[in-house]
Amino acid sequence: MMNGRRVLLIVGGGIAAAKAPALIRLLRKAGVAVSPVLTRAGAEFITPMTLSVLAGEACQTDLFDASREAEIGHIQLSRNADLVVVAPATADLMAKMATGAADDLASTLLLATDKPVLIAPAMNVRMWHHPATQRNLAMLRRDGVLMAGPDDGEMACGEFGTGRMAEPEAIMGAIRDHLGDGPLKLLPEAKVAAGPLAGRHVIVTSGPTHEPIDPVRYIANRSSGAQGTAIAMALRDLGAKVSFVTGPADVPPPDGVEVIRVETAMQMREAVETALPADAAVMAAAVADWRVANASGQKIKKDGSGQLPVLEFTENPDILAWVSQLGAGRPRLVVGFAAETHDVIAHATAKRARKGCDWIVANDVSPATGIMGGTENSVTLITADEAEEWPRMGKDAVARILASRIAEALA
Ligand code: CTP
């Protein structure tokens, strides 16, 4: 339920600021407390009085001298909220967020907050498509910032295209996803602080595996280990003891977890077996399906005869299927990943059943998505009962939501 939660609502400067009152009404109706903040530019479009009256609390604005007030109080403002919403998020606000600038009240709050942030961008179509805005957007997504919209349509300036702020109902839907009963909800702050996974042991596999051809050559894949690393961090942050079994990944392993470095699928399976028992296992590694059966102990040389080496393959153990089908020692919750390039849901649903895991996080890794090796992910969580499509977001955000769900499942 959203009742009793608090949103810090930052209203930026743009014609879409006119939709802020409707959003505040929807939030208040759902029992959500709203702390409104108006930027200097926002105050050109709507008055602080309007927002104060609708929210039922004073609207903070740069029109008052922030330095004269207790600035700590403002930081408190950003900490007391369960979610920070920026609507409309102008190109300028997004640029400030992306670079960490803090030269006014709104940007200072955004830098000071440790809460999830949801933005509803609104700007002219050319500003939206400008490489600078797209660069900032990519940065924000990487930082785990959540998004609602923007929509396509006619703009206040008369042009058509992407950049219209999402309708208040749609923004409300995204807020509900995070605060309410929606699939993307995060644990409330009080629960996070209590460490809902304290005393729980979770094994996370991550990264690619390298399968040797000879002492200097190997077969690998494009996994960077970014998603698995983010998941390990998010589980750690909820208090879990994490055994992080990682292949040779691009990103460094997190602090505060037990790191077990492996190279091959065979070593990964052994490391997982050693790390058991566990309450949950999250298999995010991109394990090579095959290894070279006739790998050479010596470097394979060109012998001048024109004869090409022939590699023979043998199948690697399926670690996820093996853990899922363990009898007595099976972790209570086993989560697999399904990297697919087509018919994602159908293949992932079949994979869940075939391997016997509880959940499968399906993602589309076709090259056009830029997901493999990138900072974002677009996933569908497949459980025994349903397939939940999550919006495209940073891998950190996917990790935080997944960790929250795991904590709930183990509670
Ligand atoms: N996995 C594993 N051990 C393997 C292969 C895969 O633990 N030898 C796990 C991965 O960590 C992931 C899930 O299984 O959680 C899905 O892996 P994927 O390679 O996408 O599926 P496959 O079973 O290889 O199916 P296919 O190759 O047909 O896509």
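The first residue in the sequence is number 1, and the count goes up from there. Atoms within a ligand are numbered from 1 in the order they appear, just like the ligands themselves.
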Going by side chain to side chain contact (heavy atoms under 4.5 Å, CB included), Leu9 matches just one of Leu38, Val32, Val34. Which one?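 By the side chain to side chain contact (heavy atoms under 4.5 Å, CB included) criterion, Leu9 pairs with just one of Leu38, Val32, Val34: Val34.
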
Students should be able to answer this: which protein heavy-atom is nearest to [atom], and at what distance?
atom                    : result
atom 9 (C) of ligand 1  : Leu320 CB, 3.6 Å
atom 10 (C) of ligand 1 : Ala285 O, 3.3 Å
atom 12 (C) of ligand 1 : Phe337 O, 3.0 Å
atom 15 (O) of ligand 1 : Met283 O, 2.6 Å
atom 3 (N) of ligand 1  : Ile319 N, 3.0 Å

If you measure every N or O of [X] against every N or O of ligand 1, does any of those distances drop under 3.5 Å?
X      : result
Asp289 : yes
Ala338 : no
Lys351 : yes
Val287 : no

Are Leu276 and Pro331 close enough that some pair of their side-chain heavy atoms sits under 4.5 Å apart? yes

Is there a side-chain contact between Thr229 and Phe244, using heavy atoms and a 4.5 Å cut-off? yes

Could you check whether any heavy atom of Ala265 sits closer than 4.0 Å to an atom of ligand 1, since that is the contact criterion I want to use?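 In this structure, Ala265 fails to qualify as a contact of ligand 1 - no heavy atom is under 4.0 Å.
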
Taking a cutoff of less than 4.0 Å between a non-hydrogen atom of the residue and any ligand atom, is Lys355 in contact with ligand 1?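 The answer is yes: ligand 1 sits under 4.0 Å from a heavy atom of Lys355.
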
Least distance between heavy atoms, Ala295 atom then Pro212 atom: CB-O, 3.6 Å

Where do Gly100 and Leu111 come nearest, in terms of heavy atoms and distance?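 Reported closest heavy-atom pair: O-CD2, 3.4 Å.
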
For the side chain of His201 and the backbone of Pro277, is there at least one donor-acceptor N/O pair under 3.5 Å apart?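 Judged by distance alone, yes, a pair lies under 3.5 Å.
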
So, Thr383 side chain and Glu386 main chain: donor-acceptor pair closer than 3.5 Å or not?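 Judged by distance alone, yes, a pair lies under 3.5 Å.
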
Could you walk me through whether Val86 and Leu118 pass side chain to side chain contact (heavy atoms under 4.5 Å, CB included), step by step? CA-CA 6 Å; Val86 188; Leu118 176 100; over 6 Å; no

Counting heavy atoms only, name the option from Gly336, Ala288, Pro317, Gly228 that's nearest to atom 8 (N) of ligand 1.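 The nearest heavy atom belongs to Pro317.
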
